[in-house]
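I have placed the structure first, in the form of C-alpha cells, so that the comments after it can refer back to it.
Each chain gets a letter, A, B and so on, in the order its sequence line appears, and its residues count up from 1. Only this structure's heavy atoms are used, side chains among them; waters, hydrogens and symmetry mates stay out.
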Amino acid sequence: MKIPPVKGTRDFYPPDMARRNWLTDGWKKISLRNGFEEYDGPIFEYLKMFQVKSGDEIAEQLFSLTDRGGRELAIRPEITPTLARMVNQQINSLPKPIKWFSVPRLCRAERPQKGRLREFFQWNIDIIGSDDLLADAEVIFCTIDYLQNIGLTPKDIVVKISSRKMLAAVLQTIGVEKKELDPLYALLDKQSKLPQDTFEKLLAEKVADKTQYKKILELMTVKSIEQIKTLTEQNKTAKESVDELERVFELLNVMGVADFCSFDISIIRGLAYYTGTVFEIYDKASQLRAIGGGGRYDNLLKDFGGPAISAVGMGMGDCVLAILLEEKGILPEQLPQPKSDYFIAYANQKYLQKAVEITAKLRLAGFITNFNYKFSNIGKQLKQASNQNAAKCVIVGDEFEKNELVVKNMSTGEQKLIDYDKFISDIGTKSK
RNA sequence: GUGAGAGUAGCUCAGCUGGUUAGAGCACUGGAUUGUGGAUCCAGGGGUCGCGGGUUCGAAUCCCGUCUUUCACCCCA
C-alpha cells in the first residue's frame with residue numbers, strides 16, 4: 001500500500017534539510033547576536049488558547065484533536081499565545097525587557113498555495129516589558145540584520161512601516177468613531193491588493209459621510225509622515241504618534257538600515273491586537289506575499305491573564321523567504337556540501353578489519369569518517385571518497401605489511417606514505 | 001468553501017490531430033580500469049502513462065467521473 005504525503009506538508013531530503021538548517025541556523029545566529037534568548041513550547045496546546053484572541057473562523061483553520069482524556073487540543077498555528085503563557089507564568093522573576101526568540105514548527109489547515117503551506121517554520125522575536133521605541137527599532141533592525149546577512153539588499157526587499165496608533169488618531173480627527181476603526185482597518189489594509197476604483201467603491205460603501213470619505217482617501221495616498229502633519233488639524237495623540245513614528249525612523253537611520261525602510265500608510269496588519277508600530281517586509285517587486293511582519297501590541301499578555309505589559313514582536317515564515325531566496329539565486333549557492341574528513345579505502349579484503357579499526361579511531365577523535373562495506377577496487381573507492389567530499393583518503397594496502405598507510409589529499413591529489421603508529425598518534429582531537 | 005491549469009521512469013520533461021514493443025537528459029548500478037577519484041565512453045535496472053469508467057478493431061493520446069497537485073479568490077495569526 002502506497003501512502004502519499006499529507007497535503008501541504010514537505011519532505012526534507014538531505015539536501016532540503018541542509019537548506020532548511022541553513023535558514024533556521026541563520027535565524028538563530030542573528031537572534032543571539034541581537035541579544036535574544038531562545039525558547040520553545042509544546043507543539044500542541046489547549047484549543048481554547050488559540051481562540052482567545054481570534055474568532056471561530058480561525059479555529060476552522062486549526063488542526064485540532066480530542067485526546068483520550070477528552071481534552072480539546074490543537075496543533076499550534078502560532079507561538080505567540082504560548083509565549084504569552086510562558087511569560088505570564090514567570091512574569092515577576094524575569095528581568096525586563098524580556099528578549100526572546102523561537103523558531104517553531106507551526107501548522108495551519110489552510111489551502112496550500114504559493115508561499116503558504118500547512119506546515120512551516122516561523123522565526124519569532126519579541127521584546128516584552130518595554131514601551132521604549134528603541135524596542136520597536138531593535139526588532140526591525142534584527143529582522144533586517146538577518147535579511148542583509150543572507151545577502152539581500154535594499155534593491156531586493158523593503159520594510160514598510162506605519163503606526164496603528166497614528167492611523168487611529170488621525171482617523172478619529174477626521175471623525176471616524178472608535179468602534180468603526182477595526183472594520184475600516186480590514187478594508188484599508190487591502191488597498192494595495194485591490195484596483196484603486198474597487199477600493200474607492202468599497203470605501204464609499206463603508207463610509208457614508210462624503211467629507212470623511214474624501215479625507216480618508218486623501219490620507220491613504222500620503223507618501224511621507226510629513227504630509228500627515230499638514231493634512232489634519234492636530235490633536236495631542238495624533239501629534240504624539242507622529243513624533244513616535246519619526247523617532248523610530250530616526251533610530252533605524254542611526255542603526256544604518258534606513259535604506260531598507262520606508263513609510264507606508266497602508267500597512268495595517270490584519271490582527272486586531274496591534275496598537276503601535278506596525279511593519280511588513282516585502283520583496284521589492286511586491287510579487288510575493290509578505291515575507292514577514294510585526295509590530296507593537298499592548299494587550300496580549302493581559303488577554304492571556306497576565307499584567308498589562310507592552311511588547312513588540314516580529315514573525316517570519318520560511319516559505320515565502322525560501323521562494324525569494326530561490327529567485328535571487330541565494331539559496332542554491334548556500335547549499336552546504338555534505339563534507340567528510342576521511343574516507344578509508346582498503347586494497348584487499350584482508351585489510352577490511354584494519355580499515356574498520358582506523359575508521360572507529362578517527363570517529364572517536366571527532367572526524368567524520370566513512371568506508372565501504374563491500375570490497376571494490378581502489379578506483380571505485382576513491383570515486384566514492386570524492387562523491388562524499390572527503391578531504392583525505394587513507395588507503396590500507398600492501399604498504400601495511402611495512403606498517404605504513406597511504407594518505408591522499410583529495411583536493412590536491414598529493415599523497416604520502418605515513419607510518420601507521422605515527423598516523424594514529426597524530427590523530428589528535430578535532431575541535432568541535 | 002469558489003474558480004482555472006497540470007498529472008508519462010527517482011527528478012526534469014518529450015510523445016498527445018488515436019496505430020506495432022512508451023522515449024530523452026540527469027540520477028542510480030555495472031563495465032572500460034584487479035592500487036588511484038572528479039572527465040569520457042559503453043551497457044544495465046527502473047513505468048499499472050494518477051485511478052475508475054466510456055467511445056473505438058485499437059487509448060498515454062478523445063470523452064466523463066474521481067483523486068492528487070499547482071495557481072488564484074476567501075483568509076492570512
Nucleotide paired to [N] in any strand shown, Watson-Crick or G-U, under 3.5 Å:
| N | result |
| --- | --- |
| B/rU40 | B/rA32 |
| B/rA59 | none |
| B/rG25 | B/rC11 |
| B/rG46 | none |
| B/rG52 | B/rC64 |
| B/rG3 | B/rC71 |

Identify the two heavy atoms, one from [X] and one from [Y], that lie closest to each other, and give their separation to 0.1 Å.
| X | Y | value |
| --- | --- | --- |
| A/F63 | A/C107 | CD1-CB, 3.7 Å |
| A/D419 | A/N403 | OD1-O, 3.4 Å |
| A/I91 | A/P307 | CG1-CG, 3.9 Å |

Test: A/K354 cationic atom under 6.0 Å from A/Y346 six-membered ring centre, within 45° of axis: no

A/R164 to A/Y274, cation-pi by 6.0 Å centre distance and 45° axis angle: no

Pairwise [atom1] distance for [N] and [M], with rounding to whole Å:
| N | M | atom1 | result |
| --- | --- | --- | --- |
| B/rA22 | B/rG3 | P | 39 Å |
| B/rG58 | B/rA14 | C1' | 23 Å |
| B/rU48 | B/rA6 | P | 23 Å |
| B/rC49 | B/rG44 | P | 22 Å |
| B/rA27 | B/rU34 | C1' | 28 Å |
| B/rU70 | B/rA24 | P | 30 Å |

Side chain of A/K380 (C-beta onward), nearest among B/rA77, B/rG30, B/rC76: B/rG30

In whole angstrom, what separates [X]'s [atom1] from [N]'s [atom2]?
| X | N | atom1 | atom2 | answer |
| --- | --- | --- | --- | --- |
| A/Y273 | B/rC76 | OH | C1' | 12 Å |
| A/F120 | B/rC76 | CZ | P | 14 Å |
| A/R118 | B/rC76 | CZ | C1' | 14 Å |
| A/E110 | B/rU2 | CD | C1' | 16 Å |
| A/Q381 | B/rG30 | CD | P | 12 Å |
| A/I378 | B/rU36 | CD1 | P | 8 Å |
| A/D126 | B/rA77 | CG | C1' | 12 Å |
| A/D11 | B/rC11 | CG | P | 12 Å |

Pairwise 5' ranking along RNA chain B for A/R269 and A/N409, keeping only the more 5' one: A/N409

Residue met sooner reading RNA chain B from 5', once A/A385 and A/P77 are mapped to nucleotides: A/A385

Parallel, tilted or perpendicular: rings of A/Y39 and A/W100 (30°, 60°): tilted

When all nucleic acid strands are considered with a 4.0 Å heavy-atom cut-off, which category describes [X]: base, sugar-phosphate, or nothing?
| X | answer |
| --- | --- |
| A/G379 | sugar-phosphate |
| A/N348 | nothing |
| A/L106 | nothing |
| A/E399 | base |

Between protein and nucleotides 38-40 of chain B, what N or O pairs are separated by less than 3.5 Å?
{"residue": "B/rG38", "atom": "N1", "partner": "A/M410", "partner atom": "O", "Å": "3.2"}

Reference residue A/K178; test side chain to side chain contact (heavy atoms under 4.5 Å, CB included); the match among A/D182, A/L181, A/V176: A/L181

base_contact_polar (B/rG37 base, A/Q415 side chain, donor-acceptor, <3.5 Å): no

Base B/rA77 paired with A/R108 side chain (donor-acceptor, <3.5 Å): yes

Output a table of nitrogen or oxygen pairs between the protein and nucleotides 69-74 of chain B separated by less than 3.5 Å.
{"residue": "B/rU69", "atom": "OP2", "partner": "A/K7", "partner atom": "NZ", "Å": "3.1"}
{"residue": "B/rC71", "atom": "OP2", "partner": "A/K114", "partner atom": "N", "Å": "3.2"}
{"residue": "B/rA72", "atom": "OP2", "partner": "A/K114", "partner atom": "N", "Å": "3.2"}
{"residue": "B/rC74", "atom": "N4", "partner": "A/Q113", "partner atom": "NE2", "Å": "2.9"}
{"residue": "B/rC74", "atom": "N4", "partner": "A/R116", "partner atom": "NH2", "Å": "2.8"}

Option among A/Q384, A/K380, A/Q381 that satisfies the side-chain hydrogen bond (donor to acceptor under 3.5 Å, both in side chains) test with A/N372: A/Q384

Presence of salt bridge, A/E119 and A/R105, under 4.0 angstrom: yes

